[in-house]
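Heads up: the structure comes next, in structure tokens.
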Amino acid sequence: MCGIVGFTGTQQAAPVLLTGLKRLEYRGYDSAGIAVQHEGKILTEKCSGYLENLNRITDNGKNVPGFCGIGHTRWATHGAPTVTNAHPHVSNDGHFAVVHNGIIENYALLRAELMEKGFVFHSETDTEVVVHLLDLYYTGSLKQAVMKTVARLEGSYALGVVCDEHPGELIAVKSASPLILGVGAGENFFASDVTALIGHTRTVIYLEDGEFASLTPEKITVYDCGGRELQKPLSRVMWNTEAAEKGGYEHFMLKEIMEQPRALKATIEPRVKNGEIVLEGFQLSDEELQGINQIVITACGSAYHAGYVGRYIMEELCRIPVRAELASELRYSNPIINEHTLVIVISQSGETADTIAALKECKARGARTLAIVNVVGSTVAKLADSVLYTWAGPEIAVATTKGYTTQIAILDLLAVYMGHRLGRVEEGRYAALVEGICALPERCQRAIDLNTQAAALAEAFHDKPSLFYIGRNLDYAVCMEASLKLKEISYIHSEAYAAGELKHGTIALIDEEQLVVALACHRPLFEKLISNVKEVKARGAQVLAVAQESERRIFAEADQVLLVPECDALLLPIPEIIPLQLFAYYVAKFNGCDIDKPKNLAKSVTVE
Ligand code: AGP
């Protein structure tokens, strides 16, 4: 998704803007630009493609003078990734420049109205209506022009604005898209997320939807939508620069796979005190808890896959009906959700449009909502009644790894906590599960250590045209994530399939060309899974099995094996996904793919 940055201070703005945009690259983009105030004018430089093009034409920003400006990386939604469509967009008279992340839903009507009034449009974008509205409403007060402009907009937007008649001043506006203010000494910033700020400051202000701010080098003033000044608290970002760097690994994805033990510790340890699970962010009275008669877990992509794992665990321990729903489906399905429904919304970024919309839909139907989110202060976190942060640290690779496993860890904690409070998990089982959860970081490290051969197996199979991932129960839930990991970074087609379903049609596709990855960790159904392995082998398929390290029988059945350390059956999905993350990573590596920034993908899908 798009990234926006703004800077005002006493150092040259353009280099600061370009390094800020560099830190937002992982959000996915296909054009970029900056606009800087200088001697009563606004200097604008834009490019299609990646930032190196902008760095080349501006000599890394050195040949763009000025101390106050805005920047943008655009992930095309309306209009192709061309220079004309790249942001910033400039008003016809050159007095205003705007950068935008989000979608102006009513842009067509506004465009027609503005063209009627004589404004000339140069781009195909929705954003351009904003800069012409500012021009239309400006009569000397930038604040008033912004308020009148924003009042006309429908949709989602994080805006950055500069005006040549207000030297040194930036305007930042937030509505449904992420935007954070950075507080410096004699300089101030805004950005789509903290990774663009932490090289300069760790003191930030989180804007709420509907708020906007004026930033000068000396001062930040925040206003509500009515223009009333607000006193906003300062927050401290604990993420430091190296946490958002690669840490010596070739790719962010490998770094983030390897840091999962540490991430899981950060997720779990603060929530287990003296053998008891403590969930500060989730306050339900016993009566409210007893009043829940269904749980709906909703998310997109890998977050949905984490939710699908959680569905099995929560239903097993809480004995309440639990279903996992794709947010993009739930939001339009007229769901049966009411005040007796607990809706758990999962999102690493907290800015996924479909997930936000599904959350709003469930709230409107009276549900109690709980968010499981990694990014502090994100939209999902603020919209939900309660939030449990995963505290996984910044996840830069587009393909999530620690985001997924820490989401499952929260679901594990929640399922055991709720099951115990509902009296459906007896003391001995509770203690064993709490102990098992606390051991997950170490189990995850062992899963990494057990699979040093993942790279060799990936090399052996990296040219397979298509793969099937098959499993039953929790193994099937893990298949979903394993399959997506392979597809999104290696561009090889794969499919997650309930092993028991193969004979109902799909087995017709199995032949000697196929590689079938058989997840056989769920012991209660191990024999059933082995039968499925025999079925596909009888039709010529090669089988790469994933099994617990004590399950020696698997070696007689499969061609190759990835091993998973022993742990409680309900807690296996976290160590089980590790070798499959590594397998996908090395397949993509051998295929020379752009692992951290896969084609067509964005880290956070903030538009429908
Ligand atoms: C996962 O590797 C993908 N990048 C994608 O499926 C992602 O999980 C999905 O877009 C949801 O993102 P969120 O967790 O930030 O809401």
Side-chain angles (χ1 to χ4, degrees), residues 260-261 264-265 267-269 271-272 275-277 279 282 295 297 302-324 342 344 346 370 372 388 390 404-447 471-482 496 498-499 519-529 546-551 563-580:
Q260 288 181 108
L264 286 164
K265 260 170 90 79
T267 307
I268 294 165
E269 282 192 352
R271 296 180 167 113
V272 178
E276 292 294 325
I277 296 173
L279 299 179
F282 181 59
I295 297 173
I297 303 173
S302 294
Y304 167 74
H305 298 155
Y308 204 87
V309 167
R311 172 206 156 230
Y312 285 99
I313 300 166
M314 297 202 81
E315 196 157 89
E316 170 65 23
L317 295 179
C318 300
R319 309 315 296 156
I320 296 174
V322 183
R323 67 180 202 267
L342 171 63
I344 301 171
I346 306 174
L370 167 65
I372 297 176
L388 291 172
T390 48
Y404 169 82
T405 48
T406 53
Q407 286 160 2
I408 294 177
I410 295 280
L411 290 163
D412 289 340
L413 287 163
L414 187 62
V416 175
Y417 171 80
M418 286 179 65
H420 186 236
R421 278 194 59 188
L422 288 164
R424 294 167 191 157
V425 174
E426 52 82 22
E427 289 309 320
R429 180 85 174 113
Y430 175 72
L433 283 165
V434 171
E435 188 182 346
I437 290 172
C438 292
L440 282 171
E442 181 277 331
R443 294 285 84 187
C444 181
Q445 185 57 56
R446 177 147 180 81
R472 291 172 176 262
N473 199 281
L474 281 168
D475 285 338
Y476 170 50
V478 176
C479 284
M480 293 177 177
E481 177 58 12
L519 276 62
C521 292
H522 191 66
R523 272 232 172 77
L525 298 172
F526 181 80
E527 297 303 338
K528 297 283 183 195
L529 200 283
V546 182
Q548 293 193 65
E549 59 180 314
S550 61
E551 190 51 84
L563 292 174
V564 174
E566 307 285 328
C567 77
D568 187 290
L570 289 180
L571 305 179
L572 268 169
I574 288 181
E576 184 176 18
I577 193 63
I578 302 298
L580 294 160

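- In this structure a side-chain-to-backbone donor-acceptor pair under 3.5 Å is present from T267 to T390.
- Side-chain contact between D412 and L440: present, with at least one pair of heavy atoms (C-beta onward) separated by less than 4.5 Å.
- Of all heavy-atom pairs between I268 and P441, the closest is CD1-CD, 4.1 Å.
- Taking all atoms of both residues into account, the shortest heavy-atom contact from G436 to L571 is C-CD1, 3.4 Å.
- Without hydrogens or angle criteria, E566 side chain to S550 main chain gives a donor-acceptor distance under 3.5 Å.
- Between the CG atom of L264 and the CD1 atom of I574 there is a distance of 5.0 Å, given to the nearest 0.5 Å.
- Closest approach of D475 to H522, counting heavy atoms only: OD2-N, 2.8 Å.
- With sequence neighbours left out, the salt bridge (charged side-chain N to carboxylate O under 4.0 Å, His left out) criterion links E549 to R446.
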Donor-acceptor contacts under 3.5 Å from residues 303-317 side chains, at least two apart:
from	atom 1	to	atom 2	distance (Å)
H305	ND1	E481	OE1	2.9
E315	OE2	V322	N	2.7

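- To the nearest 0.5 angstrom, R421 atom CZ is 10.5 Å from Y430 atom OH.
- How far CG of L413 is from CE of M418: 13.0 Å, rounded to the nearest 0.5 Å.
- At distances below 3.5 Å, not a single donor-acceptor pair connects side-chain atoms of D568 with backbone N or O atoms of L433.
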Inset, instruction - Might you work through the side-chain contact (heavy atoms from CB on, under 4.5 Å) test for H420 and E427, ending with a clear yes or no? - result: CA-CA 8 Å; H420 186 236; E427 289 309 320; 2.8 Å; yes
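- Between P321 and I295, every side-chain heavy-atom pair lies at or beyond the 4.5 Å cut-off.
- Taking all atoms of both residues into account, the shortest heavy-atom contact from A447 to I578 is CB-CB, 3.8 Å.
- For the residue pair C567 and P575, the shortest heavy atom distance occurs at SG-CG, 3.9 Å.
- Annotation: salt bridge (charged side-chain N to carboxylate O under 4.0 Å, His left out) contacts involving residues 430-443, sequence neighbours excluded, are absent.
- Under the 4.5 Å side-chain criterion, counting only non-hydrogen atoms from C-beta, R523 is in contact with E551.
- We find the CD-OH distance between E276 and Y417 to be 10.0 Å, quoted to the nearest 0.5 Å.
- Residues T406 and I408 fail the side-chain proximity criterion, which asks for heavy atoms closer than 4.5 Å.
- Proximity of L519 to L474: side-chain heavy atoms (C-beta onward) are nowhere separated by under 4.5 Å.
- How far NZ of K265 is from SG of C438: 10.0 Å, rounded to the nearest 0.5 Å.
- For the pair I344/L414, a side-chain contact is recorded, criterion being any heavy-atom separation below 4.5 Å from C-beta on.
- Counting only heavy atoms from C-beta outward, the side chains of Q548 and L572 approach each other to under 4.5 Å.
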Inset, instruction - Start with the C-alpha distance between E576 and V546, add both sets of side-chain angles, then the distance that settles side-chain contact (heavy atoms from CB on, under 4.5 Å), and finish with yes or no. - result: CA-CA 8 Å; E576 184 176 18; V546 182; 4.1 Å; yes
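- The shortest side-chain heavy-atom distance between I410 and I346 does not fall under the 4.5 Å cut-off.
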